[in-house]
Amino acid sequence: MNRTAKTLLVLALVAVVAMAFRVSWNALRDVARVIGADATAATLYPFVVDGLMALALVATLVLTDERDKRFALRVLATYTLASLVLNYVHGLVPELHGKAVDWGRLADWDPANWALVLLATSLPVGSIYFGSDLVAKVLHHQPTTAVRVPDGESADEPAHLPHTPADTPRGLPGTAPAETRPDAAPALSAQVEEYADAVRTDDPHTPHTSRTGELSVEEEASRQAQFEDAELERVRQDARRTYAESVQAARPLSARALGEAYGMSESWARKQILAVRDTEDADRPHLVAVSGD
């Protein structure tokens, strides 16, 4: 959809909302007069109810967080239902428009009248609370910037650019520009390798380039396992050092406290404590009784 169509759609929506507000404004103004509002308050009352509906609609379109968007939709649905109920009451009681009903009387049945008066009088207070909350959410909202990703690539992977060596010799025969052939980069790389091999054969003292190919799955798994073992051993040594220092400070840690400090279980910490004690026993000199001849 082009910009002109979007603009016309938004203008049509604004026109429909404005006309609907005018129809609802008549009913809400008469209801406000019945519950005790003066002429100025009754004129502003429709803006309180239907105005918050418009604010909640805008907040729903602007907010991207799921919780905030759900909250804005709930406010919109609640005030839409409340406006519908008051408009329905205004249609059932034509005397509201002619001021022929008693003050504070929206229905003949007392429980229904109490509920309607409570609803009509609580909407302005709710508009202050929910409106302030929606405005705060919109002002603190940080929109996420969309990154345009080329076709065939995922957003979390960087785009792969063809690598051209800095020492590429010029004037190699049989080469075409990279834009003309899709396999230009591999062919150019192959020719560069051939040229480099030729140079190396001329100079026997030229060191060979190191192999930088990708590691196999087994080698990667082996390196990962070695790294994990080294990391576990480092954690063990740190835990043992911590317990030894606590013993020297005359405040030895318990197995539970030591395990929680390093994110391990109590049994793991107990093993480290036993290892420290075994080391201390091995380092402590032992007295051996020697019998005299």
Side-chain angles (χ1 to χ4, degrees), residues 1-101 104-107 112-146:
M1 183 180 294
N2 54 20
R3 184 180 298 273
T4 304
K6 291 181 179 179
T7 303
L8 292 177
L9 181 61
V10 172
L11 291 178
L13 176 61
V14 172
V16 171
V17 171
M19 291 184 289
F21 174 76
R22 177 61 185 87
V23 175
S24 177
W25 178 81
N26 190 29
L28 295 179
R29 180 197 59 184
D30 295 339
V31 170
R33 288 175 178 173
V34 174
I35 61 174
D38 56 12
T40 303
T43 303
L44 297 177
Y45 186 82
F47 293 96
V48 174
V49 180
D50 293 343
L52 184 64
M53 293 167 53
L55 177 62
L57 178 60
V58 174
T60 304
L61 297 177
V62 172
L63 297 174
T64 56
D65 184 73
E66 292 297 331
R67 295 180 59 184
D68 295 341
K69 185 182 291 291
R70 193 179 302 112
F71 174 76
L73 286 174
R74 288 176 179 175
V75 173
L76 176 61
T78 302
Y79 269 72
T80 301
L81 182 61
S83 179
L84 174 62
V85 170
L86 296 180
N87 278 271
Y88 178 69
V89 172
H90 184 268
L92 287 180
V93 185
E95 295 82 2
L96 289 175
H97 187 67
K99 304 179 183 179
V101 296
R105 175 62 63 175
L106 293 175
N113 181 67
W114 298 335
L116 290 174
V117 172
L118 177 62
L119 174 64
T121 54
S122 61
L123 289 179
V125 181
S127 295
I128 298 174
Y129 174 77
F130 293 117
S132 302
D133 196 4
L134 288 175
V135 171
K137 291 180 183 298
V138 172
L139 293 180
H140 290 84
H141 170 66
Q142 296 180 353
T144 56
T145 57

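Closest approach of Pro124 and Ala120 over heavy atoms only: CD-O, 3.5 Å. Residues Arg29 and Asn26 approach most closely at NH2-OD1, 2.7 Å, considering heavy atoms. Nearest heavy-atom pair, Thr121 versus Val125, reported as atom, atom and distance to 0.1 Å: O-CG2, 4.3 Å. Smallest separation of non-hydrogen atoms from Ser83 and Ser24: OG-OG, 3.5 Å. Of all heavy-atom pairs between Ala32 and Ala42, the closest is CB-CA, 3.8 Å.
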Practice prompt. Just do the side-chain contact (heavy atoms from CB on, under 4.5 Å) check on Arg3 and Thr7 with the steps written out, would you?
Written response: CA-CA 6 Å; Arg3 184 180 298 273; Thr7 303; 4.2 Å; yes
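Taking OG of Ser127 as the reference point, atom CE of Met53 lies at 11.0 Å (rounded to 0.5 Å). Between atom CD1 of residue Ile35 and atom CG of residue Asp30 there is a gap of 11.5 Å, rounded to the nearest 0.5 Å. For the atom pair Lys137 NZ and Asp65 CG, the distance stands at 8.0 Å (nearest 0.5 Å). Rounded to the nearest 0.5 Å, atoms NZ (Lys69) and CZ (Arg74) are 14.0 Å apart. Once rounded to the nearest 0.5 Å, the distance linking CG of Leu76 with CG of Leu52 reads 8.5 Å. Of the inter-residue distances, the one linking Tyr45 atom OH with Asp38 atom CG reads 14.0 Å to the nearest 0.5 angstrom.
Screening Thr78, Val48, Leu86, Val31 for a side-chain contact (heavy atoms from CB on, under 4.5 Å) involving Leu123 leaves a single residue, Leu86. For the side-chain contact (heavy atoms from CB on, under 4.5 Å) with Asp68, the qualifying choice from Leu63, Val62, Leu134 is Leu63, the only one to do so.
The aromatic rings of Tyr79 and Phe130 lie perpendicular to each other, with more than 60° between the two planes, well past the 30° mark.
Counting only heavy atoms from C-beta outward, the side chains of Leu55 and Val135 approach each other to under 4.5 Å.
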